[in-house]
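For reference, the structure discussed in these notes is given below.
Chain naming here is simple, since letters A, B, ... match the order of the sequence lines and numbering starts at 1 in each.
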Protein chains: 2
Amino acid sequence: MADAEPRKESASCPMDFILRMLMGPWTTYILYNLKSHGPQRFGELKRRVAGISAKMLTERLRTLEGAGLLRRDYEATIPPKVTYSLTKRGHELDGVLNSLAEVGLRWETEDAAARSQRAAELKAAE
Amino acid sequence: MADAEPRKESASCPMDFILRMLMGPWTTYILYNLKSHGPQRFGELKRRVAGISAKMLTERLRTLEGAGLLRRDYEATIPPKVTYSLTKRGHELDGVLNSLAEVGLRWETEDAAARSQRAAELKAAE
DNA sequence: TCTCTTGGTTACGAATTGGTACCTACTGGT
DNA sequence: ACCAGTAGGTACCAATTCGTAACCAAGAGA
């Protein structure tokens, strides 16, 4: 049973790295917000995502920063001002997110249509 | 602190449902394999993903089946034969996965280029 | 008869995850 | 003087997750 090769097939899947990033619980909300509302401060982002804890947000932002998807601008004013914005690389995901949203929207529409059709059939069957 | 609206903004993000699906640890490997190698049996899939436990694979397959992304054909022969294949809806993700792979590949190339350039600069600096 | 096969299910247990509470340092408002 | 807010860091605690191992059915081959 024991597989000789540890799992080198991950190399054959370049999207794996990206998905591992997008996979985080709140990641898409964050990217979506930064994409649609532009650069934002920590508290602004936290308020907008609504439900995320500061710890999670920090951790996600650090991960995304480390991946080069967003930039962190720290101004050591009093009170401190930290602004997050998408990098060029971060914006390259816009296309992916868009096609994802497109498919999601299509499914939503299809499901709604199927639901209303079933409802109509149910009504006709009475 | 308490947010008035529970978090209805999820509604504004139709890709969220999809990402919640793709987010699973092995999901992309499974979809990728089914996409590139066609319909496969359980054991075949398990061997190909190499590292996944039967439990995980089962759970992922059930989830994907429930989402209508793949179909499960069960033949009650002895030994049983279960074949999994992508549905039409499952194939609609091909485009997303492709653009994802495209971006991933581009980054890989860019990173490799940046690495070799840095190496060259280091060499020149000596 | 004993074992191997396929495609699972279930129980157990360890590890990771993520939330809550509390801490910083500094200032502005009351 | 005290509380709120800004941008977190840290400790602790509960819940979830995921792997491992054991088990199942029923036929085929040794």
Fill in the blank from the handout: Under a 4.0 Å heavy-atom cutoff, the residues of residues 66-85 of chain A touching DNA chain D are A:Arg72, A:Pro79, A:Pro80, A:Lys81, A:Val82, A:Tyr84
Fill in the blank from the handout: Applying side-chain hydrogen bond (donor to acceptor under 3.5 Å, both in side chains) to B:Lys35 and not counting sequence neighbours gives B:Asn98
Exercise for the section: Figure out the CG/P separation between A:Leu61 and D:dT6, and round it to whole Å. Expected result: 15 Å
Handout entry: Rounded distance (Å) that lies between atom P of D:dG19 and atom NZ of B:Lys46
Key = 10 Å
Exercise for the section: Taking the side chain as every heavy atom from C-beta outward, state whether B:Ile18 and B:Leu93 have any atom pair closer than 4.5 Å. Expected result: yes
Fill in the blank from the handout: Sequence neighbours excluded, the answer for salt bridge (Lys or Arg N to Asp or Glu O under 4.0 Å) partners of B:Glu44 is B:Arg48
Can you give each donor-acceptor pair under 3.5 Å made by side-chain atoms of residues 111-126 of chain B, sequence neighbours left out, with the distance rounded to 0.1 Å?
unit_1   : atom_1 : unit_2   : atom_2 : d
B:Asp111 : OD1    : A:Arg89  : NH1    : 3.4
B:Asp111 : OD1    : A:Arg89  : NH2    : 3.0
B:Ser116 : OG     : B:Ala112 : O      : 3.4
B:Ser116 : OG     : B:Ala113 : O      : 2.9

Handout entry: Spacing of B:Leu57 atom CG relative to D:dT17 atom P, expressed in whole Å
Key = 18 Å
Practice task
Answer yes or no: does a side-chain N or O of A:Arg47 lie under 4.0 Å from OP1 or OP2 of D:dA7?
Solution key: no
For nucleotides 18-24 of chain C, list the nitrogen or oxygen atoms of the protein found under 3.5 Å from its nitrogen or oxygen atoms, one pair per line.
unit_1 : atom_1 : unit_2  : atom_2 : d
C:dG18 : N7     : A:Lys55 : NZ     : 3.3
C:dG19 : OP2    : A:Ser53 : OG     : 2.8
C:dG19 : N7     : A:Lys55 : NZ     : 3.4
C:dG19 : O6     : A:Lys55 : NZ     : 2.4

Exercise for the section: Using only side-chain N and O atoms of B:Arg41, determine if any of them is under 4.0 Å from OP1 or OP2 of C:dG7. Expected result: yes
Exercise for the section: Taking the side chain as every heavy atom from C-beta outward, state whether A:Leu100 and B:Leu100 have any pair of such atoms under 4.5 Å apart. Expected result: no
Exercise for the section: List in chain and number order the residues that pass salt bridge (Lys or Arg N to Asp or Glu O under 4.0 Å) with A:Glu92, two or more places apart in sequence or in another chain; answer none if no residue qualifies. Expected result: B:Arg106
Handout entry: Any A:Glu108 side-chain heavy atom under 4.5 Å of A:Leu105 side chain
Key = yes
Report, one line per pair, each donor and acceptor closer than 3.5 Å where one atom sits in a side chain of residues 67-79 of chain A; sequence neighbours left out.
unit_1  : atom_1 : unit_2  : atom_2 : d
A:Arg72 : NE     : A:Tyr84 : OH     : 3.1
A:Thr77 : OG1    : A:Pro79 : O      : 2.8

Exercise for the section: Not counting sequence neighbours, which residues clear side-chain hydrogen bond (donor to acceptor under 3.5 Å, both in side chains) with A:Arg60? List them please. Expected result: A:Thr27
Exercise for the section: Among A:Leu45, A:Leu57, A:Thr58, find the one that has a side-chain contact (heavy atoms from CB on, under 4.5 Å) with A:Ile52. Expected result: A:Leu57
Handout entry: Bend angle of the helix from C:dT1-D:dA30 to C:dT30-D:dA1, from helix axes over five pairs at each end, nearest 10°
Key = 20°
Practice task
Please tell me if the side chains of B:Glu65 and B:Arg62 come closer than 4.5 Å, counting only heavy atoms from C-beta onward.
Solution key: yes
Fill in the blank from the handout: To the nearest angstrom, the CZ-C1' distance between B:Arg62 and C:dG8 comes to 7 Å
